[in-house]
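Keep in mind the model is a prediction, meaning the values are calculated, not measured. Numbers here simply count residues along the sequence, with the first being 1.
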Amino acid sequence: QVQLVESGGGLVQPGGSLRLSCAASGETLHSYAIGWFRQAPGKGREGVSCISSRDGTTYYVDSVKGRFTISRDNDKNTAYLQMNSLKPEDTAVYYCATDLTCTYYNSPRGIYEFDYWGQGTQVTVSS
């Protein structure tokens, strides 16, 4: 099994930046797609971004395009989410998760499709 641990969250002002990390152990990540999800208070969990295992193709939901960048470093067995120009509506607990592909990262099915999840890291955007 793969174990995932998120880090890098915190309190940041609107317009600021954070870099989230997702460190894996137990298995290497190179054969997995890695998705980032978030859950705001009172809302359901939603997909934010995903990076594929085969060719490194990246995907983003419209609300974060141009602001967030997903990446992976297979040598370090770690994935990242660089978050720039943060907005209050980005406030949420952010989770990373793995699946074979990114196909369902931004669909209701994705919550169930992705099998391994970290415990989340809190991101709060406030002045």
(request) Could you tell me whether the side chain of Ser85 and the main chain of Arg67 form a donor-acceptor pair under 3.5 Å? (result) no
(request) Determine the minimum heavy-atom distance between Asn84 and Ser17, stating which atoms define it. (result) OD1-OG, 2.9 Å
(message) Looking at Leu29, is its backbone amide N or carbonyl O close enough to the side chain of Arg72 to form a donor-acceptor pair, meaning the two atoms are under 3.5 Å apart?
(response) yes
(message) I'd like to know whether CD of Gln119 has more than 12 heavy-atom contacts from other residues, nucleotides or ligands below 6.0 angstrom.
(response) no
(message) If I take atom OG from residue Ser21 and atom CG from residue Leu4, how far apart are they, to the nearest 0.5 angstrom?
(response) 12.5 Å
(request) Not counting sequence neighbours, which residues clear side-chain hydrogen bond (donor to acceptor under 3.5 Å, both in side chains) with Asn106? List them please. (result) none
(request) Could you check if a side-chain atom of Ser126 sits within less than 4.5 angstrom of a side-chain atom of Leu11, using non-hydrogen atoms only? (result) yes
(message) Under a plain distance cut-off of 3.5 Å, with no hydrogens placed, do Asn77 and Thr28 share a side-chain donor-acceptor pair?
(response) no
(request) Kindly assign one of parallel, tilted or perpendicular to the pair Phe37 and Trp117, based on the angle between their ring planes and the thresholds 30° and 60°. (result) tilted
(request) Taking the side chain as every heavy atom from C-beta outward, state whether Phe68 and Ser49 have any pair of such atoms under 4.5 Å apart. (result) no
(request) Could you grab the distance from atom OH of Tyr32 to atom CG of Asp99, nearest 0.5 Å is fine? (result) 10.0 Å
(request) Can you measure from NE2 (His30) to CZ (Arg54) and round to the nearest 0.5 angstrom? (result) 12.5 Å
(message) For Lys65 versus Tyr60, what's the shortest heavy-atom pair and its separation?
(response) CE-O, 3.1 Å
(message) So, taking the atom named CG in Leu81 and the one named OG1 in Thr69, what distance separates them when rounded to the nearest 0.5 Å?
(response) 8.0 Å
(message) Are the side chains of Tyr104 and Ile111 in contact, using a 4.5 Å heavy-atom criterion?
(response) no
(request) Check whether any side-chain heavy atom of Thr91 lies under 4.5 Å from a side-chain heavy atom of Arg38, and answer yes or no. (result) no
(request) Following the transitive rule for hydrophobic clusters with a side-chain heavy-atom cut-off under 4.5 Å over Ile, Leu, Val, Met, Phe, Trp and Tyr, establish whether Tyr80 and Tyr95 coincide in one cluster. (result) no
(request) Can you establish whether the number of heavy atoms outside Glu89 located under 6.0 Å from its atom CD is more than 12? (result) yes
(request) Go through the steps for Glu6 and Tyr94 under the test side chain to side chain contact (heavy atoms under 4.5 Å, CB included), then give the verdict. (result) CA-CA 8 Å; Glu6 301 96 337; Tyr94 283 72; over 6 Å; no
(request) To the nearest 0.5 angstrom, please state how far the CD1 atom of Ile70 sits from the SG atom of Cys96. (result) 9.5 Å
(message) I need the minimum non-hydrogen distance between Gly47 and Val61, along with the two atoms involved.
(response) O-CG1, 3.2 Å
(message) Could you measure the distance from the CG atom of Leu100 to the CG atom of Asp115? Nearest 0.5 Å is fine.
(response) 7.5 Å
(message) Could you report the tightest heavy-atom contact between Cys50 and Ala33, atom names first, then the distance?
(response) SG-CB, 4.2 Å
(message) Below 30° counts as parallel, above 60° as perpendicular, anything between as tilted: where do the rings of Tyr59 and Tyr105 land?
(response) tilted
(message) Under the criterion side chain to side chain contact (heavy atoms under 4.5 Å, CB included), I'd like the reasoning laid out for Gln3 against Val5: C-alpha separation, chi angles, the key distance, then a yes or no.
(response) CA-CA 7 Å; Gln3 294 82 45; Val5 179; 5.8 Å; no
(message) Would you say that Ser7 contacts Thr121 through its side chain, given a criterion of any heavy-atom pair below 4.5 Å between the two side chains?
(response) no
(request) Determine yes or no for a side-chain-to-main-chain donor-acceptor pair under 3.5 angstrom, with Thr78 supplying the side chain and Lys76 the backbone. (result) yes
(message) Check this for me, if you would: do Asp90 and Lys87 make a salt bridge, where the nitrogen-to-carboxylate-oxygen distance has to be below 4.0 angstrom?
(response) no
(message) A side-chain contact here means heavy atoms from C-beta on lying under 4.5 Å apart; do Leu20 and Val123 qualify?
(response) yes
(request) Could you tell me whether the side chains of Glu27 and Tyr116 share a donor-acceptor contact shorter than 3.5 Å? (result) no
(request) Determine yes or no for a side-chain-to-main-chain donor-acceptor pair under 3.5 angstrom, with Glu46 supplying the side chain and Gly44 the backbone. (result) no
